[in-house]
Colleague: 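Structure provided below as structure tokens; questions to follow.
Only this structure's heavy atoms are used, side chains among them; waters, hydrogens and symmetry mates stay out. Residue numbering restarts at 1 for every chain, and letters A, B, ... go by the order of the sequence lines.
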Amino acid sequence: MQKNRTINVENSINSGQVFLWKRNGDYWYGINGQDILRVDKNGIINSFQNSKVDFFRKNDNLDDIIKSVSKDKTVRRALKQYSGLRILRQDPFQCLISFIVSSNSNIQKIKMSLEKLSKKFGVKAKYENEEFFLFPKAEKLAKASINEIKSCGVGYRAKFINEAAKMILFKKIDFEFLKNCNYHETKENIRTIPGVGNKVADCVMLFSLEKLEAFPLDRWMIRVLEKYYSNKFQIDTTTITEKQYDVLHEKIVKHFGPYAGYSQQFLFKMERENYQKKWL
DNA sequence: CCATGGCCTGTGGT
DNA sequence: AACCACAGGCCAT
């Protein structure tokens, strides 16, 4: 008996996972690496490159996952309220650059920067009579100058972007290999990329490297933990140190289980909606 | 190991 | 109008 199978496309796209998406009539259009995806309201995908990427992770067993993470009242409320919200399986390079850009920023600005990067360094493509810019390839960003990258409004993150691209180009980082590594190995590896701390690493792992136990702890999730989970996870300081992050993550996985990342996405969505924060 | 401050830049508030 | 606080962190000290 399968339940919970409907996908809420709107909520999934508007949940802080992706930035290069726009609605046009009945469809959402988005850039995923070197591909353009067109999604209808049921989550049916048409792909520019005819790729068969399972972007909404339809093959995940949502019944099992929801059962697994339904550990307390708060998360059950979020699961119910935003049912149909999915973790999106993204292109790893785009995801990496997106979350390097995201640090100390906000959604509108992140989107603007990524659009500028794509327009300046990405390939122009025509899909359904409309122009798009694919996400820049690593090689292009690796060979760009810092100032060229800065012209996209990314500020001090420009050199991080350039370094990250070089590490991909020179295969210091191999995403396909990392998909088959465990959480800790993967995290250790991608944290060698400049601009990638605990939070960014968890986002990249959850959204593009198949690590569903990754549980990104940003200021919103810290707020959630303080508000609803103060008895379970104690947070005593305002700035969370590296050690505390690790300890906290361990407790969180002990509580929510191996699909903790799914619970994070629902709780994050809920809290931002409570504050009526804007999305794309 | 922990604490602090600085950082590009666009936006919204005073 | 000019200025300031702030934003889905990270890094060097």
Side-chain angles (χ1 to χ4, degrees), chain A residues 11-21 78 82 85 87-88 90 94-117 119-120 141 144-164 167 187-208 214-227 234-250 252 260-261 263-280:
Chain A
N11 278 347
S12 300
I13 289 171
N14 281 322
S15 68
Q17 302 182 64
V18 291
F19 306 96
L20 291 175
W21 283 75
Y82 299 101
L85 174 60
I87 299 288
L88 304 176
Q90 302 180 39
Q94 179 176 339
C95 189
L96 170 67
I97 301 301
S98 298
F99 285 95
I100 288 176
V101 168
S102 81
S103 89
N104 201 18
S105 188
N106 58 62
I107 288 180
Q108 280 68 33
K109 223 181 85 174
I110 298 162
K111 180 176 184 175
M112 192 189 317
S113 297
L114 294 175
E115 282 172 349
K116 286 181 182 170
L117 283 171
K119 194 162 185 178
K120 192 171 178 69
L141 290 175
S145 75
I146 302 298
N147 279 333
E148 282 176 305
I149 298 174
K150 268 189 183 166
S151 75
C152 299
V154 296
Y156 61 87
R157 305 168 193 83
K159 64 175 186 297
F160 298 161
I161 293 168
N162 182 245
E163 284 300 319
M167 290 176 78
K187 191 165 199 176
E188 191 181 358
N189 186 251
I190 63 175
R191 284 215 40 189
T192 63
I193 304 168
V196 179
N198 264 313
K199 189 269 176 183
V200 172
D202 275 332
C203 286
V204 175
M205 289 195 291
L206 177 58
F207 303 142
S208 73
F215 194 101
L217 288 168
D218 63 354
R219 43 180 275 109
W220 288 96
M221 287 310 298
I222 296 293
R223 186 175 302 176
V224 165
L225 296 186
E226 285 173 335
K227 211 158 147 184
Q234 271 196 15
I235 300 166
D236 29 343
T237 52
T238 48
T239 54
I240 176 163
T241 67
E242 199 153 305
K243 181 71 185 167
Q244 287 173 307
Y245 194 108
D246 288 342
V247 172
L248 207 44
H249 180 256
E250 216 162 299
I252 283 165
S263 61
Q264 182 274 348
Q265 205 56 36
F266 283 87
L267 291 167
F268 178 77
K269 174 72 174 169
M270 178 179 76
E271 194 62 5
R272 299 251 326 182
E273 291 289 349
N274 285 345
Y275 281 79
Q276 306 190 336
K277 298 295 284 185
K278 284 186 183 149
W279 303 101
L280 294 180

Colleague: Please round to the nearest 0.5 Å and tell me the distance separating atom NZ of A:K120 and atom OG of A:S151.
Modeller: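 If we round to the nearest 0.5 Å, A:K120:NZ and A:S151:OG are 4.0 Å apart.
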Colleague: Please assess A:F19 against A:F99 for the test ring-ring contact (aromatic ring centres under 6.0 Å, His included), listing each intermediate value before the final yes or no.
Modeller: CA-CA 10 Å; A:F19 306 96; A:F99 285 95; 5.6 Å; yes
Colleague: For the side chain of A:R157 and the backbone of A:G195, is there at least one donor-acceptor N/O pair under 3.5 Å apart?
Modeller: no
Colleague: Both A:G195 and A:K277 contact DNA chain C. Taking the nearest nucleotide for each, which residue is further toward the 5' end?
Modeller: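 Going by which nucleotide is closer to the 5' end, it is A:K277.
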Colleague: What are the two closest non-hydrogen atoms of A:L267 and A:V224, and how far apart are they?
Modeller: O-CG2, 4.0 Å
Colleague: Distance-only criterion, 3.5 Å: show the donor-acceptor pairs between side-chain atoms of residues 216-223 of chain A and protein atoms not counting sequence neighbours.
Modeller:
{"unit_1": "A:D218", "atom_1": "OD1", "unit_2": "A:W220", "atom_2": "N", "d": "3.2"}
{"unit_1": "A:D218", "atom_1": "OD1", "unit_2": "A:M221", "atom_2": "N", "d": "2.8"}

Colleague: Are any protein N/O atoms closer than 3.5 Å to N/O atoms in nucleotides 2-6 of chain B? If there are, list each pair with its distance.
Modeller:
{"unit_1": "B:dC2", "atom_1": "OP2", "unit_2": "A:T241", "atom_2": "OG1", "d": "3.4"}

Colleague: Please find the pair of heavy atoms, one from A:C95 and one from A:F207, that lie closest to each other, and give the distance.
Modeller: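 So the minimum-distance heavy-atom pair works out to SG-CB, 3.8 Å.
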Colleague: Residues two or more places apart in sequence or in another chain: which of them pass ring pair (Phe, Tyr, Trp, His ring centres under 6.0 Å) with A:W279?
Modeller: none
Colleague: Given that A:R191 and A:G16 both sit by DNA chain C, which one's nearest nucleotide is further toward the 5' end?
Modeller: A:G16
Colleague: Considering non-hydrogen atoms only, spot the tightest contact between A:M167 and A:I193 and give its length.
Modeller: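 Taking every non-hydrogen atom into account, SD-CA, 3.8 Å.
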Colleague: If you measure from the P atom in B:dC1 to the same atom in C:dG9, how many Å do you get, rounded?
Modeller: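 Rounded to whole Å, the distance is 24 Å.
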Colleague: Reading DNA chain C 5' to 3', which nucleotide is the first, and which the last, to come under 4.0 Å of any heavy atom in chain A?
Modeller: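 Both ends considered, the range comes out as C:dA7 to C:dC11.
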Colleague: Does the side chain of A:K269 pick up a donor-acceptor pair with the side chain of A:N14 at under 3.5 Å?
Modeller: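 No, no side-chain donor-acceptor pair sits under 3.5 Å.
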Colleague: Taking atom P in both C:dA2 and B:dC8, compute the distance separating them and give it to the nearest angstrom.
Modeller: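 It comes out at 24 Å once rounded to the nearest Å.
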Colleague: If you look at every heavy atom in A:I110 and A:S98, which pair is closest and at what distance?
Modeller: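 What the structure gives for the nearest pair is CG2-O, 4.1 Å.
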Colleague: For the residue pair A:Q17 and A:Q90, what are the closest heavy atoms and their distance?
Modeller: O-NE2, 2.9 Å
Colleague: NZ/A:K278 to CG/A:N106 distance, rounded to the nearest 0.5 angstrom?
Modeller: 10.5 Å
Colleague: For DNA chain B, what string of dots and brackets results from 5' to 3' when Watson-Crick and G-U pairs need both distances under 3.5 Å, crossing pairs get [ ], and pairs with another strand get |?
Modeller: ..|||||.||||||
Colleague: What does nucleotides 9-14 of chain B look like as a protein-contact string, B for base, S for sugar-phosphate only, - for none, at under 4.0 angstrom between heavy atoms?
Modeller: BSS---
Colleague: If you measure from the P atom in B:dT4 to the same atom in C:dG8, how many Å do you get, rounded?
Modeller: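 Nearest-Å result for B:dT4 against C:dG8 at atom P: 23 Å.
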Colleague: Could you tell me whether A:I110 contacts a base, only the sugar-phosphate backbone, or nothing, with contacts defined as non-hydrogen atoms closer than 4.0 Å?
Modeller: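 The residue A:I110 makes no contact with any strand.
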Colleague: Distance check, rounded to the nearest 0.5 Å: A:S103 atom OG versus A:Y156 atom OH?
Modeller: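 If I round to the nearest 0.5 Å, the distance is 4.0 Å.
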Colleague: Once you apply a heavy-atom cut-off of 4.0 Å, does A:P194 come out as touching a base, just sugar-phosphate, or nothing?
Modeller: sugar-phosphate
